[in-house]
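Could you have a look at this structure, given as structure tokens, before my questions?
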Amino acid sequence: MSVMQSQVEPRLAERAYQELLEALGEEKVTRNRTILFSYSGTALPLPKTMPDIVVSPRSVEDVQVTLKIANRLVVPVTPIASGTLEPSVIPRAGGIVLDTYAMNAIREINADAAYAVIEPGVSVGKLSRALAPYNFRTCLGSFPPGNSALLNYTLRGHGTHRSSGIDSEILGLEVVLPDGTLVETGSKAFSSRFPSATWHSPWGPLPDLRAIFLNACGTYGVITGGAVRVYDRNEVQTAPLFAFDSYGDAVRFMVRVSRANLVEHVVTWHWGLVTTVNVLAAGEMEGSEDFSLLFTMEPWQKPEDRPYNVAIPMYTGYAEDVEVHRKLLEKVAAENGGRPFEDEARERFPGAWHYWNSYAVEHQPCTAFMRGFAVGFGFMQILYAEPSKVVELEDWGLKHVYNGGLTFGTTYYSHCLDQGRTVFLRITPFVDPVDTEEHARAVEVYKSYIAEGMARYGAVPVRYDGINNYVEWAGGFGKLMKLIKQAVDPNNILNPGLRIYEGGW
Amino acid sequence: MDMLMYTCPRCKTCTGTMHPGEETVESVCPAFERYRYFTYAGGGKCYTAQGLLEGALQPDADMAEVIYRCTLCKACSEQCAAHSAEPSEIARQVRRELVAAGFGPPEPARGLVQSVQRNDNPYGAPRRMRGRWARGLGLKDASKEKVKTLYFVGCTADLVPARNHFAANTVKLLQAAGEDFGVLGENEFCCGATVFNLGCAEVFEELARRNVEKLNSLEAERIVTSCAGCHSVLAHVYPEVARVEYRVISTPEYLEEMLREGRLKPGRELGLKVTYHDPCHLGRYGGIYDAPRRVLQALPGVELREMRRTREKSWCCGAGAGVKTSYPEFALWIGEQRVREALETGADVLVSACPFCEGNLSDTVAAMGADIGVMDLTDLVLESLE
């Protein structure tokens, strides 16, 4: 794996280091080369870049001090927390990596208004535990317990599991701008004038600028805290499973049950993912006949002994209500060619069932699929598309990715969002982590998948990746982004590797 | 091992216990908790190894500074969400690279290695000092006569006066149980745990082969160890170096067996609230969690109060893998977190089953001026015997 050198002039890096050291102390600032290397990339097989300095702030003031120094000296800053699989956190220009994971206070759990105010280092596991005495739970993405709750919610595609997948787990954010200005959004924006202001509403009389910082990977400011929605643990939490023999049937089922308000959220898994997670959870990858299906079968073919898709509708409520919902789900499934699969899944796919139970029923972070990470899981971009288009995208996309010359199998999962106005599809191959030629092939497959997915199916990628320049593709919207960036971060010090704005860095 | 280095998704689950259905505790990784950079976490060690493997990093003083602040407590391996990464073992291998390149072990720990090479113990004690604690006790010399059970005393219980009570207690308990046992005295060599964990592979392997040859030749049915580190290498590491023909059990396992068989009969009411600290090398390395607890529960008038972090989630005492010698303030910091947790339970006594743990926890209690006793399991069993 290649490791690029920082683009920051050594004398400038030295000056920044000395100033940061003086301002923050040696415990929070380092240029130990071994430490720098561990912040040079992610678990994905993408080229790394060595930063010059890593800073571990413990407070909002530490972040302000760091940004003021970096801004004055014009040194790049890449902010990160945990769960750093995303390409967006590679410090492509070098400079400072600002690791906010040590800022890990749960500042408030507001039982009255059902939100928690947390810092970026608060993990999903820590938040889940703190919420338990209040009979609250988090909104879970499919991330493991050590990940930063706040920063995963700011990534598009995560936090889609309530309100039929409307992507809005963040009520408000506390952000430091490059000049050190502290910004609070929504109802909290008025706290400097009205100290009684709290985080209860994301909206106010002014535009919803919260969105600038969501899915922005620290390009407009460094998130130092925020309020996230938390949810009651209702009397019954349920996720009955349904089997479908085509993705199209599964999508139609997901859209119908979402629009009929029968679910809080629904997701469907391709047979390859069911098989993979089942094997990973049991820890029996070696010699597993089931696992070998991923290498011997084309992913668009359906193995005889298992459904093509398993849909997981999630619902919580009073027992009587849940019972009625279950019957209605069975009815809608039958209308769309599906059948109940729960008993069969528990018996035949206990590992996958364990995962579904943790994630969709108990709403607890689960680690069952983690071994899939770092062998390519997540390497392919999430695309959103309209329901009928996403069905076509799945058919084309599986073949395109599978035929891209990558070693391992290809599979996917798919969330129904916003009552089926758009559907999330993440097709992903597994890439050999040590084969650099395969990495290059994977990047080419990635690029063509995104470009053709957008051109053919009106699909849209949902995260920055630093590989494609989405800002340039976005016309007037991209121009507006640049103008805002230029105003907020004229020196382009914040995550300049993502190339929102070509000035400064 | 190469592939294991690449299985880390950087989720940091290795730093805390946050698995579904289990009580979440925030941190189990002393080095990450203290220094806060990902590099100190289990996952970070995987990345360091990747850097070495790919040639992006070379062994140097920076790497030594990070890697040797790990106590190799194995909590990260236990917690790893990927369930396949073995950061502790990866860290040990990185240490070997550092040693080979002349950057390890840290200067203060080099004396330990030299002493093991010169004196067969890490404490700088001449060989003739071995077994002094046993003089006049009339113990059988296992190297001269066949015994059913060999008591492998270990360097710490043998040569550190403040820890001699481990050996004295164990002998009294073996005698009370009517055990046919012996010791090796001056013929006992260091088990090599210290040099193994410091990454001195060549020194360790030579020592391991010599010890295995010796232990195989004794024809003892089993070996009882006082020290968790000795137990760990005799039971789990030596078999990777040479074919072993002996069976090892730890003191807690031995005591549990004797109590179960009625060969030890505790009767005296102790009237103590105790909490048990799992030594990493018995617990996470050996899976020995229940035996010491069963022993404590068998003692009249002893109430066991568990700390928040126990068993697989136990917080390290802070002494292991050269940290006590190389970074004594850090060792005390780790110990302080543990002692505070013990105090939270309201226990009168913090009990462990490892002379190394007892040493650092005792030093910590003294430094803190904390109102809690530190004792070994054998102390309590002996006190309770009628």
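Lettering follows sequence order; numbering is per chain, from 1. These values consider heavy atoms only, across backbone and side chains, with no hydrogens, waters or symmetry-generated copies.
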Greater than 12 external heavy atoms within 6.0 Å of B/Glu202's CD:
no

Which atoms of A/Arg58 come close to chain B, meaning under 4.5 Å heavy atom to heavy atom: side chain ones, backbone ones, both, or neither?
side chain

Is there a side-chain contact between B/Lys12 and A/Asn147, using heavy atoms and a 4.5 Å cut-off?
no

Rounded to the nearest 0.5 Å, what separation is found between the CZ atom of B/Arg10 and the OG atom of A/Ser38?
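The CZ atom of B/Arg10 sits 6.0 Å away from the OG atom of A/Ser38.
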
Under 4.5 Å from any heavy atom of chain B - which part of A/Thr30
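When you check distances to chain B, atoms from both the backbone and side chain of A/Thr30 fall under 4.5 Å.
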
Identified side chain to side chain contact (heavy atoms under 4.5 Å, CB included) counterpart of B/Tyr37 within the set A/Asn32, A/Val54, A/Val97
A/Val54

Carboxylate-amine/guanidinium proximity below 4.0 Å for A/Glu27 and B/Arg34:
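Salt bridge: yes.
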
From B/Leu57 CG over to A/Ser40 OG, what is the distance, rounded to the nearest 0.5 angstrom?
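Between atom CG of B/Leu57 and atom OG of A/Ser40 there are 8.0 Å.
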
Tell me, side chain or backbone of B/Tyr40 under 4.5 Å from chain A's heavy atoms, or both, or neither?
side chain

Nearest heavy atoms of B/Thr39 and A/Thr34, plus distance in Å
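B/Thr39 and A/Thr34 have their closest heavy atoms at CG2-O, 3.6 Å.
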
Counting only heavy atoms closer than 4.5 Å, note whether A/Asp99 contacts chain B via side chain, backbone, both or neither.
side chain

Least distance between heavy atoms, A/Ser56 atom then B/Arg36 atom:
OG-CB, 3.8 Å

A/Tyr101 and B/Phe32 aromatic ring geometry - parallel, tilted or perpendicular at 30°/60° bounds
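Rings of B/Phe32 and A/Tyr101: tilted, 30 to 60°.
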
List the atom of A/Tyr39, the atom of B/Phe38, and the distance in Å for their closest heavy-atom pair.
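Minimum heavy-atom contact is OH-N, 2.8 Å.
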
